[in-house]
Every structure is written in structure tokens, then in C-alpha cells.
Amino acid sequence: MHEPRYAEPVLTWYAEHARDLPWRRPDASPWAVLVSEIMLQQTPVVRVLPVYEAWLTRWPTPADLAKEPPGEAVRAWGRLGYPRRALNLHASARAITERHDGVVPADYDELRALPGVGAYTAAAVASFAYRRRHAVLDTNVRRVLARVVTGVEYPSKTQTAAEIRIAESLLPEDPPVAARWSVAIMELGALVCTARTPRCADCPLVTECTWRLAGKPPYDGPPRKGQTYAGTDRQCRGSLLAVLRHAEGPVEKALLDDVWADALQRERSLAALIEDGLVDPLDDGRYALPS
DNA sequence: AACGCGTGGTC
DNA sequence: TGACCAAGCGT
């Protein structure tokens, strides 16, 4: 059997350089893999690690989390950011408990149906937890393929059908090998083919990388808008929710008013948090994490 | 399809 | 020092 191009050097590189991450260990359950993948959406590994450990110690199975009120998940989420992911993970735990007999599904479409599980996460869980064969296309893989295959420094802002075809064409035939390839190419993007300063000297694909062979032409596409944060509703929401996370129980409105001066923005953000199910307005005028 | 959604580290 | 970036998702 003839594996696709790139597979052998990348798999060999991974065998030597892979990080020892808890969700990659042999004893990591599919639930542990799912938890890690949701936490890792837009959040760096180093910040995920302590929260992941505490989470799985407290809730080793989906059923353990499903018994809790959603607010406990939001509180345990800490400062990982995008706290709706905590709500999604809690809702997924309940769906898994009720619809899948407490077992994280292995099927891509069933995974995809869970709240907060999109194309990437479904492929990642099927692949990493169950050794299925799926193209796993995250920001790391997209960047590696943009450089090695397409010859440009950065991928487009939005995923294209062409990228998916490329990723699928590079997948080894044997599912367990494909699963290892997927985690390996992702790790290569995370450790070597990084966004800012790629370490081409350490790259197993250095001799065949289209971008490097072309002299590393700099990105020339449209300017990629940076995310501003200071003064946004996002920052306001974060400040409001932090008050509730730190409180033992329900809080008076005045405590929320204290953390954000702009009343209009504060009210708008609080209303949005309530709408999102992250905050529960009580009958007595106080506010709490959702029960 | 572009935008909103948290937080913190880096150069 | 302020952009940029980090294992995306839902609308």
C-alpha cells in the first residue's frame, strides 16, 4: 500500500516530538477527548490544562456532569473564555446521557448534532477518541496545508471546499493511521509551522514545502481584521459573569452595576447574557448562574 | 458570509 | 504597546 505524500515524514516526526498531553494518553476516555476539544476551541493548551484536570476529576463521565445544574459548569469553566462552551458541554453531557446511553457517540453525524460540536470538533473526536478516518481541519492544519501544498503563508479567512479536498486527499487509507496522521499534522502546525515565526529548520517537510521553495512570499491578501476587546460588549459580559462566578449564590443588581460604568452597555450585555442562558434573573430582582 | 462571542500571552 | 493570535461555533 502506498500512503499519500507527506505521511511518512510527518508520522516519524510526531513519534519523536509529540507533546505528552493528558487527553492523548491511552487512558483518556472519549468523554475526556470531547471535553478537551471543546475547551481548546480558541483557547491555548496551557490555559486549558488545569481546568481540564479539575473538570474530569469532578465529572469523570457525561452522566456526572448531566446531574449538575448548568451554572456549575459555567462556574467551573473559570476564565477559559467563551463561557457558552460550558453551557454547550453541559447540554452535550445531558444529550449523551439521555440519547446515547451515556456513551460519547463515535459517529460523525451524531457528534455533529451535539451542541457546540461543529465540523472540526466532530472530526477530532471521531478521529482521536475512536480512531476513525476523517479530515481534521483546524487552524493549524489549514496553515500547514496553505504553506506546504498551496504555497501561501496563510489560509483564507473562511474554509473552502478546495481545502477540504486537499485534506481528504492526504489522509492515509487505514483509519488508525489516518487518525494518527491527523493529530500529527495538527501538532506540526502547533509546534513548528506556527503563524508568526515558523521553525522551518525543524520541519520534516522543509524540502518539499511549496511556500518555502518559493522563497516564503509574505501574505498579500486582504488585511485580517484584529479582534478589538477593550470596551466591547464582550469585555462587559465577561466582567458581569465574573461577579456571578465568584459569588456563592445569587447577587444583588448593585454588585453587577459596580463592575461596569456605562449603564446602557451594561444593561444590554446583561440582557444578552440572560438571553444566552448564562445568567438567570430571579423573581426577587437578584441574579444567579443558571440552575 | 461576515460577525459576535472571552481571555491572556507574545513580540 | 497594541495588534495579533490561540485545537471554532452558531447565526
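All values below come from the heavy atoms of this structure, side chains included, with hydrogens, waters and symmetry mates left out. Residue numbers begin at 1 in each chain, while the letters A, B, ... track the order of the sequences.
For DNA chain B, no neighbouring residue in residues 120-138 of chain A is found when judged by any heavy atom under 4.0 Å. Proximity of residues 232-246 of chain A to DNA chain C (heavy atom under 4.0 angstrom from any strand atom) is not detected for any residue. Of the residues in residues 30-49 of chain A, those lying under 4.0 Å from DNA chain B by heavy-atom distance are Gln42(A), Thr43(A), Arg47(A). Sorted by residue number, the list of members of residues 263-279 of chain A with any non-hydrogen atom under 4.0 Å from DNA chain C is empty. Contact check of residues 10-20 of chain A against DNA chain C (heavy atom, cut-off under 4.0 Å) returns Arg19(A).
The 12-atom threshold is not exceeded at CZ of Arg199(A), counting heavy atoms of other residues, nucleotides or ligands nearer than 6.0 Å. Atom CG of Asp284(A) has more than 12 neighbouring heavy atoms from other residues, nucleotides or ligands inside a 6.0 Å radius.
Side chains of Asn140(A) and Arg143(A): a donor on one and an acceptor on the other come within 3.5 Å. Thr12(A) and Glu8(A) are linked by a side-chain donor-acceptor pair at a separation below 3.5 angstrom, with hydrogens and angles left out of the test.
Here dA7(C) is the nucleotide among dA7(C), dC5(B), dA2(B) with the atom lying nearest to any side-chain atom of Leu21(A). Nearest nucleotide to the Trp23(A) side chain, out of dA7(C), dA2(B), dG6(B): dA7(C).
dT1(C) and dG6(B) are spaced 28 Å apart, taking the P atom of each and rounding to whole Å. Nucleotides dG2(C) and dC5(B) place their P atoms 23 Å apart, quoted to the nearest Å. The same atom, C1', is picked in dT11(C) and in dA7(C); the two are 22 Å apart, to the nearest Å. Here, dA1(B) and dA6(C) have their C1' atoms 23 Å apart, quoted to the whole Å.
For the pair Tyr229(A) OH and dG8(B) P, the interatomic distance rounds to 8 Å; values are reported in whole Å. Remark: P of dG10(C) and CZ of Arg84(A) are 10 Å apart, rounded to the nearest angstrom. Atom OH of Tyr219(A) is separated from atom C1' of dC5(C) by 14 Å (rounded to the nearest Å). Computed from coordinates, the Arg85(A) CZ to dC5(B) C1' distance equals 10 Å when rounded to whole Å. For the pair Arg142(A) CZ and dA6(C) P, the computed distance is 12 Å after rounding to whole Å. The distance between atom CG of Leu111(A) and atom P of dG8(C), rounded to the nearest whole Å, is 17 Å. One atom, CG of Leu80(A), and another, C1' of dC5(B), lie 14 Å apart when rounded to the nearest Å. A straight line from CG of Leu191(A) to P of dA7(C) spans 10 Å, rounded to a whole angstrom.
Note on Asp257(A) versus Arg266(A): salt bridge recorded, some NZ/NE/NH1/NH2 to OD/OE distance being below 4.0 Å. Between Arg25(A) and Asp20(A) there is a salt bridge, with a side-chain nitrogen of the basic residue lying less than 4.0 Å from a carboxylate oxygen of the acidic one. Ion pair Glu187(A)/Arg180(A) not flagged as a salt bridge, since none of the NZ, NE, NH1 or NH2 atoms sits closer than 4.0 Å to an Asp/Glu carboxylate oxygen.
We find the OG1-CD distance between Thr150(A) and Glu163(A) to be 7.5 Å, quoted to the nearest 0.5 Å. Rounding to the nearest 0.5 Å places CE of Met39(A) at 5.0 Å from CH2 of Trp77(A). To the nearest 0.5 Å, atom CD of residue Gln41(A) and atom CG of residue Asp138(A) are 11.0 Å apart. Annotation: the span from Leu191(A) atom CG to Asp202(A) atom CG amounts to 10.0 Å, rounded to 0.5 Å. Interatomic distance, Trp181(A) CH2 to Met186(A) CE, rounded to the nearest 0.5 Å: 11.0 Å. For the atom pair Tyr287(A) OH and Leu255(A) CG, the distance stands at 12.5 Å (nearest 0.5 Å).
Judged by distance alone, the side chain of Arg75(A) and the main-chain N or O of Ala247(A) form a donor-acceptor pair under 3.5 Å.
One donor-acceptor pair, N or O on each side, does fall under 3.5 Å between the base of dC4(C) and the side chain of Arg196(A).
Residue contacts shown for Arg24(A) include a base, since a base heavy atom lies under 4.0 Å away.
Shown are Leu34(A), Val48(A), Val35(A); of these, the side chain to side chain contact (heavy atoms under 4.5 Å, CB included) with Trp23(A) is made only by Val48(A). A side chain to side chain contact (heavy atoms under 4.5 Å, CB included) with Pro22(A) is found for one member of Leu56(A), Asp27(A), Leu49(A) and no other, namely Leu49(A).
Legend: residues meeting ring-ring contact (aromatic ring centres under 6.0 Å, His included) with Tyr229(A), ordered by chain and number and at least two apart, are absent.
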